[in-house]
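Values below: all heavy atoms of this structure, side chains included; hydrogens, waters and symmetry mates excluded. Chain naming here is simple, since letters A, B, ... match the order of the sequence lines and numbering starts at 1 in each. Just so it is clear, the model here is predicted, and its values are computed rather than measured.
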Protein chains: 2
Amino acid sequence: MLMLVDPHLLRTFVTVVAEGSFSAAADRLGYTQPAVSQQIAALEADLGVPLLTRRPVRPTRAGERLLEHAGPLLLRLRAARADVARMSARPRPLTVAAGPLALSAGTAAALSGVTTLRIAGAAEAVALVASGEADLALADGPAAPSDPLGLPDAGPLTIVGVREEELVVVLPEGHPLAGRAGLRLDDLADALWVDAPEVMPLDRLRAVARLDGLRTGMRYEGHDPAVAARLAAAGHGLTLLPASAAVCGVRVPLLAPRIVHRVELVHAALPPGPAAEVVRALTSAPLSASAS
Amino acid sequence: MLMLVDPHLLRTFVTVVAEGSFSAAADRLGYTQPAVSQQIAALEADLGVPLLTRRPVRPTRAGERLLEHAGPLLLRLRAARADVARMSARPRPLTVAAGPLALSAGTAAALSGVTTLRIAGAAEAVALVASGEADLALADGPAAPSDPLGLPDAGPLTIVGVREEELVVVLPEGHPLAGRAGLRLDDLADALWVDAPEVMPLDRLRAVARLDGLRTGMRYEGHDPAVAARLAAAGHGLTLLPASAAVCGVRVPLLAPRIVHRVELVHAALPPGPAAEVVRALTSAPLSASAS
DNA sequence: GGATTCGCATAAGCGATGCTGATGCTCGTG
DNA sequence: CACGAGCATCAGCATCGCTTATGCGAATCC
C-alpha cells in the first residue's frame, strides 16, 4: 500500500508538463522515454485519476491540482537536504540573491565578503535560500507599512524586515497629474501602466492595493529599475517605484492606499562565518523608512 | 544519484524519534526492526550526517533540523493526494474541525449537514483539512484586528476570516482590578495566568502581544472554555477569552494591545455539494466584530 | 487519401533495491 | 561482572523500475 506520493514521479510529472512532451522530459531528466511513460502511468494508477491528456500533452483538472502541490513539495525536499548539509559545510563562496530594488546604498555596503550577487524575484529568492543555492536573500516588494511581504513558506527560514521606503508614481513631464503633491492609486487604475514583472509586478500591486485595474501599456521584461523609470518618463505608461530608484521622470508620492516598498532579509539558521556576519551587518541597523 | 530525499525514510525517521526506539517504530510502521535500522542508515548515508544517537535514541543537531522539515513535508504529501482525490470523490459524511472557541451561535447555525465535528487546535485543524480528513475547519485564535491568524502553509487552501470578537480578561470577584472598565495586558504580565493550551495558548498570546511575561498559575489541559472561565473566576489565574465564552467571573475588556479573537474558515477547493453549501452559509454574512 | 513520421504505449529482460529471518554485538543495568 | 534489551549485520529472495526493442495511433505531407 503506497501511502506517500513518490517525489520522483512528481518531478517527472512536473517536467513533462513543463516540456509538454514525454520524450523531451525523458531527455531532460536523463531517462528513456518508456521510463517516463511508466512513471506517469504509475502516478496515475497510484492516485487513481488521469493526470495528463496525451496528444496534446496537457494536465487534466486533477493534474493541475497536483501541479500546485508539486512545486512547493519538491522545493521543501531540496530545502531539507540543504538545511542538513549546512550543518557540516565549511565556508564556501558566499552567494546572495537580491530583488531588483533591494539594493540601496546601505544594504550594498553591508555585503562584504559576498562573492556572487544574483537578481531574483521574491519567490525565487526564497527558493534559492531554501535549497541552499544562495546563503542569503534580500527579497523586496510592495506591502502595507510594517506588514511582512507574503513570502512563500519553504521551511524554517528566518525572515526580518530590513528596510521600508516611500513609493512614488513616475509620470512623464507634462502629464496632467504631474503637478500634484500626491496621488491616490484608485485615480490611476484606469491609466496605462508599465508592466515590469521582474521589477515591480502589477499583480502583486493589485493584490496589496486590493485593486482590479492597472491596465498594461508596455511590458518590460528586464530587471533594471532605471529602465522602468525611463519608460515611464517617456510616456509608455506609469510605474510605481521606491523613491530612490525613480531616477527620472516626474515623481509624485503615493498617498493612498498606504503602501511602502519593503525589503526583507531571508536566511536559514547559519553557522558562524561570513554569511552570519553579513546578516548581522544588515540587521544591526533598525528598520527605518528612509525617504528618498 | 539520489537528489530527492525519500519520504519513506523521512516517515520512518520521524516515527523513530517519536517512539524513541527503532523496534517500537518498526512495530508501529509494520516493518521489522532491521528494516528500520537499514532505512535510518540509508537516510544518514544519503545526507552524509548522523541523524540519531543510539542508546539512547535521540536526534542529533542535524536530525532536529531534518525533523523541522519532515512534518510539513509529509503533511503536504498527504495533502497532494487528498487534493487530487477530492476531484473524483462523491459526497460523503461531512466532517468539520473547529477550534474550541470557534463555535458561536452564528457559526453553529451554518453547519447544516455536518456529520462530525472535531475540536482541534489551529495547526491541527489546517492539517486535517489539507490531508482530507476534514472538509472544513474553523480555526481560531488571538490576532490584531483584521489581521489574519498566522496559519501554517499546507498547500493551496482558501482561508477567509468569518468572525472577530472582543477579548475580555476574566478575573475572580473581588480582585483588585475587578472594578476597572478596561485593562492593559502589560499591567497583567506579572500576574498568574491559567495556561489552557487547547483553549487559548499563552505562547500565541505572547507572540501576538509581543510580551514576555504571563506567568503560569494553573494549567488546564481540556478544551472547554467554560472550565477555563470557572478556573479564572475561582482565582487560579487570569484568563483571556472572547466575551461570549467568558461565562462567569468578572469580565473586563482588553484595551491594549489591540487584540481580538478571530475565527477563520479553512477549506480546499470544493466541488459543489454539502460542504460548499456550508462554506457559502459561513461566508455570506460579512465579517463583523460582534460584541458579547 | 494513402504513405510517412512523430510520439506515446507495451513487452521482455535484468540489475538494483529493500524487505525478511537469523544472528552477532554492544551498551546500560542490577 | 553477568545478563538482557536493543541496534547492527548478513544472507537470501521477491519486487520494482530501468533499458532496449517493438507496437500502434494520430497528425502531416504530397
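- A salt bridge (charged side-chain N to carboxylate O under 4.0 Å, His left out) check over residues 127-136 of chain B, counting only residues at least two apart or in different chains, returns the pairs B/R92-B/D135.
- Rounded to an integer number of Å, the gap from B/L43 CG to D/dA8 P is 13 Å.
- If you check distances only, the side chain of A/Q33 does reach the base of C/dA9 with a donor-acceptor pair under 3.5 Å.
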| task | List the steps and the verdict of side chain to side chain contact (heavy atoms under 4.5 Å, CB included) for A/L29 and A/R11. | result | CA-CA 9 Å; A/L29 296 171; A/R11 178 167 56 112; 3.6 Å; yes
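- The interatomic distance linking B/E19 (CD) with D/dG6 (C1') rounds to 15 Å, in whole Å.
- Using a cut-off of 4.0 Å between Lys/Arg side-chain N and Asp/Glu carboxylate O, A/R204 and A/E198 are scored as not salt-bridged.
- Distance, A/I40 CD1 to C/dG7 C1': 15 Å, rounded to whole Å.
- D/dT9 atom P lies 9 Å from atom CZ of B/R54, rounded to whole Å.
- Neither OP1 nor OP2 of C/dC8 sits under 4.0 Å from any side-chain N or O of A/S37.
- B/T32 has no side-chain polar atom (N or O) that falls below the 4.0 Å cut-off from OP1 or OP2 of C/dG21.
- Residue A/A70 comes nearest to A/V14 through the heavy atom pair CB-CG2, 3.4 Å, listed as atom of the first residue, atom of the second, then distance.
- Side-chain atoms of A/S23 and A/Q33 include no donor-acceptor pair closer than 3.5 Å.
- Judged by closest nucleotide on DNA chain D, A/D6 is the one of A/D6 and A/P34 placed further toward the 5' end.
- Non-hydrogen atoms lying under 4.0 Å from DNA chain D are contributed by B/S21, B/F22, B/S23, all within residues 20-31 of chain B.
- Using a 4.0 Å heavy-atom distance criterion, B/V36 is classed as making no nucleic acid contact.
- Dense packing is recorded around CZ of B/R54, with more than 12 heavy atoms of other residues, nucleotides or ligands lying under 6.0 Å away.
- Between the side chain of B/Q38 and the base of C/dT17 there is no donor-acceptor pair of N/O atoms closer than 3.5 Å.
- Remark: C1' of C/dT17 and NE2 of B/H8 are 13 Å apart, rounded to the nearest angstrom.
- Atom CZ of B/R81 sits about 7.0 Å away from atom CE of A/M3, to the nearest 0.5 Å.
- B/L51 places its CG atom 16 Å from the P atom of D/dC7, with the value rounded to the nearest Å.
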